[in-house]
There are 2 protein chains.
Amino acid sequence: MKLNAGVEWVLHTCLNLGWIEEDTREGASTARLAAFYHLPPAYLGKQLQALVRAGILTSTSGPRGGFRLARRLEDISVLDVVTAIEGRTNAFECTQILHDGPGANPATDYRTVCAVSQTMSRADLAWRRELASETLADIRDRVLTFSPGAPRQTRAWFENTRA
Amino acid sequence: MKLNAGVEWVLHTCLNLGWIEEDTREGASTARLAAFYHLPPAYLGKQLQALVRAGILTSTSGPRGGFRLARRLEDISVLDVVTAIEGRTNAFECTQILHDGPGANPATDYRTVCAVSQTMSRADLAWRRELASETLADIRDRVLTFSPGAPRQTRAWFENTRA
DNA sequence: GACATGCTACTCGGATAGAAACTGTCCGAGTTATTGCGG
DNA sequence: CCGCAATAACTCGGACAGTTTCTATCCGAGTAGCATGTC
């Protein structure tokens with residue numbers, strides 16, 4: 001029950017894309033996005049591809065290509081990003097072992113009936129609800145209040161490393 | 001980000017132990033607890049050992065030995081059981097990649113400062129809070145209202161298979 | 001008949017393989033800017 | 001000087017290994033009950 005490391009990477013990367021796109025109207029390539037945090041470029045690219053499939057990013061090939069946000073940060077929830085990487089499966093997956101116990105009803109769907117499954121599902125739901133209630137724009141704003149210079153610094157880095 | 005299968009197994013097993021101990025004053029061996037759901041006995045035993053280390057169960061060796069609840073179901077939260085199996089680590093582990101970015105402060109602990117980490121930690125907290133708010137006794141009571149015959153059926157099975 | 005004693009069967013516990021998922025890497029298909037050539 | 005075409009460089013995308021975690025199994029240490037022999 002450990003989240004993929006890619007979740008942390010792409011969350012920070014999306015924030016960076018948000019700041020880059022405010023400035024230049026273009027995106028950024030995997031190589032530069034990875035270099036910003038010294039991440040393995042190819043593996044970060046793999047995660048970003050998942051975000052493209054989820055409709056969070058768009059990608060363009062060739063020179064001056066790369067990744068861009070498909071929609072505004074206000075319209076991307078943290079849950080959207082997590083789901084894109086981790087998939088739609090819950091942390092607790094009821095295997096309905098009650099079916100293998102005595103006195104089981106083969107027709108019953110214990111994923112909805114079993115009290116254990118209900119409790120675990122409720123916890124998963126609380127987790128998802130918390131992530132769904134926050135957008136990347138909310139996180140960006142919290143970053144701004146803590147370190148107002150972050151956008152400028154980030155943009156400057158991407159400007160300088162381009163040369 | 002998938003929970004161990006053992007979590008489901010031991011939750012159901014603890015409920016069974018609760019019903020057995022209401023009847024006979026004794027516990028049950030791994031073999032019989034596993035046979036109840038056709039689970040791999042040795043692997044279930046491994047999980048139950050983790051619950052012993054966590055102080056949820058007690059174990060006795062030798063003939064007529066096995067596992068017993070260390071305390072009442074009212075005093076065992078679902079979180080206790082999950083933590084015993086999964087460990088105390090959060091689903092999201094902040095690796096502080098901001099330390100590898102430009103303009104980072106080496107002295108800063110980004111696990112508490114980083115806005116991304118804050119959001120993910122909040123979600124993990126909501127998940128844990130939900131699990132901590134429910135005890136095994138709560139689950140047992142919900143089972144009773146849905147299928148009042150469950151305790152008797154379970155006890156009967158363990159009685160019959162003993163012979 | 002009662003008791004001590006050795007034995008047998010049974011249990012947990014940790015050490016040992018196998019499978020699956022995560023992490024990381026590599027090369028190919030496609031695209032765009034560039035550069036050289038011809039008009 | 002302008003337009004066109006071939007080229008070269010750059011990008012994503014999916015296919016291919018390495019590592020960690022989870023799943024499953026096996027055998028040994030220890031214990032409780034039982035059978036046996038003795039008093």
Side-chain angles (χ1 to χ4, degrees), chain A residues 1-10 13 17 26-35 37-54 56-70 82 84-87 89 91-93 95 97 161-163, chain B residues 1-10 13 17 26-35 37-54 56-70 82 84-93 95 97 161-163:
Chain A
M1 113 113 180
K2 194 170 61 67
L3 263 69
N4 294 0
V7 171
E8 183 182 9
W9 301 359
V10 299
T13 297
L17 280 173
E26 302 167 3
S29 70
T30 299
R32 278 165 58 213
L33 290 169
Y37 293 120
H38 300 97
L39 300 175
Y43 191 35
L44 175 64
K46 194 176 183 57
Q47 314 286 358
L48 295 179
Q49 289 167 24
L51 266 62
V52 171
R53 281 191 293 271
I56 298 172
L57 300 182
T58 62
S59 63
T60 58
S61 289
R64 303 194 65 76
F67 293 93
R68 292 180 49 207
L69 292 169
V82 171
I85 301 294
E86 292 288 332
T89 67
F92 179 86
E93 189 85 11
T95 61
I97 62 175
T161 56
R162 173 177 304 173
Chain B
M1 117 107 181
K2 192 169 62 69
L3 263 69
N4 293 2
V7 171
E8 184 182 10
W9 301 358
V10 299
T13 297
L17 280 174
E26 303 168 2
S29 70
T30 299
R32 279 168 56 214
L33 290 170
Y37 293 121
H38 300 96
L39 299 175
Y43 191 37
L44 175 64
K46 193 176 184 55
Q47 314 285 358
L48 295 179
Q49 290 168 24
L51 266 60
V52 171
R53 282 191 293 271
I56 298 172
L57 300 182
T58 62
S59 63
T60 58
S61 289
R64 303 194 66 75
F67 292 94
R68 292 179 50 209
L69 293 169
V82 172
I85 302 293
E86 291 288 333
R88 230 168 236 91
T89 64
N90 279 334
F92 179 85
E93 189 85 12
T95 61
I97 63 174
T161 56
R162 173 175 307 174

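Per chain, numbering begins at 1; letters A, B, ... match sequence-line order. The basis for the numbers below is simple: all heavy atoms, side chains too, and nothing from hydrogens, waters or symmetry mates.
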- Message: Do L33(A) and L17(A) make a side-chain contact, defined as non-hydrogen atoms from C-beta onward lying under 4.5 Å apart?
- Response: yes

- Spell out protein contact along nucleotides 10-19 of chain C as letters: B when the base is contacted, S when just the sugar-phosphate is, - when no protein heavy atom is under 4.0 Å; keep the 5' to 3' order. BBSBBB----

- Message: Less than 4.5 Å apart, side chain to side chain, heavy atoms only: is that true for K2(A) and T89(B)?
- Response: no

- Excluding sequence neighbours, so at least two apart, what forms side-chain contact (heavy atoms from CB on, under 4.5 Å) with P63(B)? none

- Message: It should be established whether N4(A) places a side-chain nitrogen or oxygen under 4.0 Å from OP1 or OP2 of nucleotide dT23(C).
- Response: yes

- Whole angstrom is fine here: how far is it from OH in Y43(A) over to C1' in dA15(D)? 15 Å

- Message: In this structure, how many angstroms lie between the C1' atom of dC22(C) and the CE atom of M1(A), rounded?
- Response: 16 Å

- Could you tell me the separation between the CG atom of L39(A) and the P atom of dT25(C), rounded to a whole number of Å? 11 Å

- Item | Distance in angstrom units between L44(B) CG and dA24(D) P, rounded | 11 Å

- Rounded to the nearest Å, what distance is computed from the CH2 atom of residue W9(B) to the C1' atom of nucleotide dC22(D)? 11 Å

- Between CD1 of I85(B) and P of dT23(D) the distance, given in whole Å, is 10 Å

- If you measure from OG on S29(A) to CZ on R64(A), what distance do you get to the nearest 0.5 Å? 11.0 Å

- What is the distance from NE2 of H38(A) to P of dG24(C), rounded to the nearest Å? 15 Å

- Message: Between P on dC22(C) and NZ on K2(B), what's the gap in Å once rounded to a whole number?
- Response: 9 Å

- Item | Set of residues satisfying side-chain hydrogen bond (donor to acceptor under 3.5 Å, both in side chains) with respect to T95(B), sequence neighbours excluded | E8(A)

- Are any non-hydrogen side-chain atoms of L57(A) and L69(A) less than 4.5 angstrom apart? yes

